[in-house]
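Remarks on the structure that follows.
Letters go in sequence order (proteins before strands), and every chain restarts at 1.
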Number of protein chains: 2
Amino acid sequence: MNSVPTRKSDLDTPCLVLDLDILNTNIAQMQTVAAGAGKRLRPHAKTHKCSALARRQIEAGALGVCAAKVSEAEALTKAGISGILVTGPVATPEKVRRLVELRAAVPALMTVVDHRAGVELLDQALRARGLTMDVLLDVDAGLHRTGVKPSDALELAGQILARPSLRLKGMQAYAGQVQHIQTYEERQAASLACLREAAELFRKLRRLTADCVIFSASGTGTFDIDIRIPEITEMQVGSYVCMDAEYRAIGSAGDAARFTSFAPALRLLTTVISANQNGFVTVDAGLKALYRHGGVPEIMGAEHAGMAYDWFGDEYGKVSFPDTVAPPPLGSVLELVTSHCDPTINLFDRYYLTRGADVVGVWPIDLRGCSQ
Amino acid sequence: MNSVPTRKSDLDTPCLVLDLDILNTNIAQMQTVAAGAGKRLRPHAKTHKCSALARRQIEAGALGVCAAKVSEAEALTKAGISGILVTGPVATPEKVRRLVELRAAVPALMTVVDHRAGVELLDQALRARGLTMDVLLDVDAGLHRTGVKPSDALELAGQILARPSLRLKGMQAYAGQVQHIQTYEERQAASLACLREAAELFRKLRRLTADCVIFSASGTGTFDIDIRIPEITEMQVGSYVCMDAEYRAIGSAGDAARFTSFAPALRLLTTVISANQNGFVTVDAGLKALYRHGGVPEIMGAEHAGMAYDWFGDEYGKVSFPDTVAPPPLGSVLELVTSHCDPTINLFDRYYLTRGADVVGVWPIDLRGCSQ
């Protein structure tokens with residue numbers, strides 16, 4: 001594409017669009033809820049993969065952003081974003097080298113540790129450069145993915161405290177396993193149970209050192225639940241800003257069947273490119289444009305009620321429609337809420353920003369592909 | 001990463017490596033089988049997304065390459081690759097504009113059509129530029145994804161022949177629905193049945209015009225079956241060059257349980273980054289580095305027998321191991337055959353080329369993200 005069209009209807013497909021008004025509302029809404037409970041936000045940039053969007057979250061009041069990978073932190077830093085917490089542990093000399101290189105450029109960079117070996121690698125690399133670094137203890141809150149077991153956490157904290165190169169600033173406890181529990185009540189009970197246990201550990205850590213002032217937790221599915229845990233100081237929410245069909249399908253405080261706290265700012269546009277069959281047409285977004293994970297994408301628009309998307313290979317999708325609905329014509333464009341926003345965003349190089357029918361800008365997805 | 005390591009063991013992860021000897025063997029093997037049956041190859045670049053790899057296939061004897069999308073054809077052309085067939089129909093003025101723009105630069109560019117509306121759009125755009133273009137009739141061989149129904153094909157052929165801007169060079173019939181049928185015998189019967197019907201149509205097309213000399217078909221799962229159809233002139237095979245766990249799990253002529261015709265040239269390297277649990281460790285490749293589609297990835301190496309990969313969120317994987325196996329240590333690297341190679345390749349920007357333990361080069365995945 002040589003130039004950016006001024007109308008949404010002129011965008012070539014498949015492409016991602018971000019509705020700017022909805023995006024701004026989502027950002028403001030999460031900021032308001034957090035601030036009302038005395039919490040700070042450090043939203044997760046792994047969701048949106050976009051330094052321009054990170055900047056908007058920070059302008060709205062966020063402390064900074066989280067990065068899942070060192071390469072994401074590198075890209076954010078290159079774009080001038082500060083206040084970065086790397087939420088995944090590092091375990092190899094090469095990755096630690098990259099992290100410490102970045103720390104040399106950005107004093108405020110923080111990372112997590114979940115194992116003695118990681119503590120040692122980081123300490124060696126920092127001492128070799130004459131640097132210190134702020135770290136959080138990554139504590140397993142029941143997801144069992146990364147994080148030290150709560151029963152081993154104080155011992156690992158002691159190992160961190162014994163290294164002058166490392167400053168133990170607090171802990172992270174991400175309960176990913178509860179974020180998509182269907183009913184609000186069950187989700188609430190599960191999240192409060194595991195975060196109360198983590199909060200108890202945080203109180204113990206604070207007694208070990210006065211530096212320990214950060215307790216980072218929560219996610220989009222439990223944001224309005226976890227704010228009730230007094231010890232949590234900041235929230236690493238991610239998906240709320242874009243939203244997806246996976247989150248929209250769970251219950252919320254206000255609606256037992258739908259997650260109504262945030263509206264879908266992110267949409268995928270896809271075009272009908274083949275219409276030779278009865279009951280379905282073929283569109284130009286398949287596995288490579290709409291990641292197959294996290295449930296069924298939603299097709300927007302009252303005139304498309306009853307239509308359903310399904311994957312139809314790497315490059316194609318199948319849109320089925322009942323007899324009662326007019327088939328979408330060849331060349332027409334459908335607007336979809338993606339299944340699980342994070343991996344789909346990672347398939348594209350840019351967002352087109354829209355306001356109503358107009359395209360009002362482009363944001364590069366500059367963290368796209370940063371998986372290292 | 002600042003420079004490319006010379007040893008595979010020094011590569012940061014997750015990353016994709018291509019074993020150059022296996023790759024060359026796969027390319028030569030497919031070329032030999034096709035040539036032995038009097039067929040040409042136009043391998044599908046949608047699989048590998050790499051103009052350097054396309055060039056190697058052409059140097060080995062391929063006519064050119066196929067592209068699923070116009071944006072892939074644009075990237076291939078930019079890299080100097082010729083002999084491109086676009087295998088997906090175009091259905092909007094904007095996409096036709098891009099295609100005709102490319103045709104203006106590359107006379108040998110071919111595309112498919114599967115509907116009268118597409119014929120009209122293409123004809124208008126070509127006439128406006130004073131150009132002609134070679135097209136293939138895309139015929140539905142039972143996949144029902146794109147392609148005109150065989151019963152409507154001659155009518156559509158007539159519409160093409162009535163437009164002096166279009167030259168009907170032949171047909172395409174891709175039977176994607178049979179490529180992964182588990183047993184070789186059932187796959188053989190299914191493929192021969194649908195391609196014999198397509199071959200009958202091709203004979204009729206040839207009687208309509210002497211220009212009609214191309215019948216493009218086949219895929220990796222049926223390459224050694226479809227060569228027995230005399231009418232097929234060229235094969236649009238894709239996955240054979242990289243291979244994946246999905247294809248390796250189907251039977252072949254020589255082995256009822258495994259597809260042994262090609263070896264896995266493509267591997268994903270992933271590192272153990274958390275090891276605080278019993279029975280499994282966490283690695284640094286999740287949904288965003290290893291596309292979740294097409295079955296279970298294979299973990300290479302006899303010392304890893306019994307270990308199993310599963311996805312563990314966007315950035316992480318879970319590698320489980322039985323009691324009888326030593327746990328892979330923190331910081332160790334595992335080598336995986338990916339589930340379905342195409343969408344995983346599309347997550348990365350480069351292949352590291354390896355020969356044994358050495359890194360011998362880098363190829364940009366320059367068609368990555370070309371979904372338009």
query = What is the distance from atom OG1 of B/T92 to atom CG of A/L11, rounded to the nearest 0.5 Å?
reply = 11.5 Å
message = Need one label for B/L156: side chain, backbone, both or neither, based on atoms under 4.5 Å from any heavy atom in chain A.
response = neither
Spacing of B/H115 atom NE2 and A/L330 atom CG [to the nearest 0.5 Å] = 5.0 Å
task = Please check if atom NZ in A/K149 has more than 12 non-hydrogen atoms from other residues, nucleotides or ligands closer than 6.0 Å.
result = yes
message = Which one wins on heavy-atom pair count under 4.5 Å against chain A: B/R145, B/R368, B/H340, B/Q277?
response = B/R145
Partners passing salt bridge (charged side-chain N to carboxylate O under 4.0 Å, His left out) against A/D314 (at least two apart in sequence or in another chain) = B/K46
query = For the candidates A/L287, A/T282, A/I273, which exhibits the highest count of non-hydrogen atom pairs separated by less than 4.5 Å from chain B?
reply = A/L287
remark   = The interface call for B/Y291 against chain A, heavy-atom contacts under 4.5 Å, is both
task = Indicate yes or no for a side-chain donor-acceptor contact from B/K288 to the backbone of A/C370 under 3.5 Å, with no hydrogens or angles considered.
result = no
inquiry  = If the test is side chain to side chain donor-acceptor pair (under 3.5 Å), which one of B/T146, B/D140, B/D114 qualifies with A/S274?
reply    = B/D114
query = Under the salt bridge (charged side-chain N to carboxylate O under 4.0 Å, His left out) test, which residues partner A/E246, sequence neighbours left out?
reply = none
key: chain B contact via A/I345 - which portion, at a heavy-atom distance below 4.5 Å   = neither
task = Check for a donor-acceptor pair, side chain of A/N276 on one end and backbone N or O of B/G147 on the other, with a separation under 3.5 Å.
result = yes
task = Without swapping roles, check the side chain of A/K95 against the backbone of B/G331 for a donor-acceptor pair under 3.5 Å.
result = no
query = B/F312 versus chain A, heavy atoms under 4.5 Å apart: side chain, backbone, both or neither?
reply = both
remark   = In short, B/P14 meets A/S371 closest at the heavy-atom pair CD-O, 3.0 Å
key: Interatomic spacing from CG in B/D342 to CD in A/E315 - rounded to 0.5 Å   = 7.0 Å
ask   = Is it the side chain or the backbone of B/H293 that comes within 4.5 Å of chain A heavy atoms, both, or neither?
value = side chain
Which portion of A/V272 sits near chain B, non-hydrogen atoms under 4.5 angstrom = backbone
query = Would you say A/K69's side chain and B/D284's backbone share a donor-acceptor pair under 3.5 angstrom?
reply = yes
